[in-house]
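Have a look at the structure below, then the notes.
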Amino acid sequence: MLPIAKYEILGAIHEKGVVAVIRASDKEKGLAVANAVYEGGIPAVEVAMTVPGALDLMGYLAEKHRGSSLILGAGTVLDAPTARACILAGARYIISPSLSEEVAFCCNRYGVPYMPGVGSVTELARAMELGVDVVKVFPGECMGPQFVKAVLGPLPQAHMMPTGGVSEANLEAWFKAGAFAVGMGGSLTGAGRGEGDLEAIGAMASRVVAEIARVRKGR
């Protein structure tokens, strides 16, 4: 079976509008949280490389959810060898906190979407020159929705995914500013009592999906 094409992956992420960032103290807890957000209605799951055993976790998720709607990604990827290892483990998109030309070249080589963190218009423009289709506005709490809105004036072709500081309370502001999607970590996976409260995490995932759909319909 051929892998899902690059733009189909990005389209699926855009459809729900959210990527769940999985950070956990071990791979077993990471697996439980990933399953909880997926069952709550968020198909795009990003396993951060800071999770102990992250590659094993990716491999397990890729195998368990083979043929399902889960869109597995890797986050906190800092170099090309790590990007390649994640792709081989089953990641279908790569996310970084910063822009790396080597990681961009690696992802282009494998036909995998790369979403690097940018903190300025200069970095965003350079990312686009390197073939990046969606950038991660990071840290989102420092940039704010006004950054997204302002950038789309001169660069309406830019696609931005703010991450960091995104919460249920400010989803409307981000999407009204023009966000392509958002990345949510602690505000999503820390629901209730944290990584052990899977029911609360699943419920939060469902509310986030519903709120994004509501905001988009209200445009």
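Predicted, not measured: the structure shown is a model, and the values here were computed from it.
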### Query
Can a donor-acceptor pair be found between the side chains of Y114 and S100 at a distance below 3.5 Å?
no

### Message
Between R23 and T189, is there a side-chain donor-acceptor contact under 3.5 Å, judged purely by atom types and distance?
### Response
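No.
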
### Residues in side chain to side chain donor-acceptor pair (under 3.5 Å) contact with R207, at least two apart in sequence or another chain
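In terms of side chain to side chain donor-acceptor pair (under 3.5 Å), with neighbours along the sequence ignored, R207 is linked to E168.
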
### Task
List for me each residue that meets side chain to side chain donor-acceptor pair (under 3.5 Å) alongside T122, sequence neighbours excluded, and say none if there are none.
none

### Task
Could you give me the CA-CA distance, side-chain angles and deciding distance for L72 and M58, then say whether side-chain contact (heavy atoms from CB on, under 4.5 Å) is met?
CA-CA 7 Å; L72 177 64; M58 284 181 224; 4.1 Å; yes

### Message
To the nearest 0.5 Å, what is the distance between NZ on K136 and OG on S96?
### Response
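It comes to 7.5 Å.
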
### Query
Could you give the distance from OG (S98) to CG (L78), rounded to the nearest 0.5 Å?
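Going from OG on S98 over to CG on L78, the span is 6.5 Å.
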
### Query
Would a distance-only check, ignoring hydrogens and angles, find a side-chain to backbone donor-acceptor pair under 3.5 Å from D56 to G53?
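Absent.
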
### Audit row: K27, Y60, side-chain contact (heavy atoms from CB on, under 4.5 Å) steps and yes/no
CA-CA 10 Å; K27 64 181 181 181; Y60 182 85; over 6 Å; no

### Task
Please check if atom CD in E141 has more than 12 non-hydrogen atoms from other residues, nucleotides or ligands closer than 6.0 Å.
yes

### Task
Considering non-hydrogen atoms only, spot the tightest contact between A20 and L188 and give its length.
CB-CD2, 3.6 Å

### Query
Which heavy atom in E46 sits nearest to a heavy atom in T76, and how many Å separate them?
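That would be OE2-N, 4.2 Å.
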
### Query
Below 4.5 Å, heavy atoms only, C-beta onward: do I87 and I94 meet side chain to side chain?
yes

### Message
Salt bridge or not between E129 and R126? Use side-chain N to carboxylate O under 4.0 Å.
### Response
yes

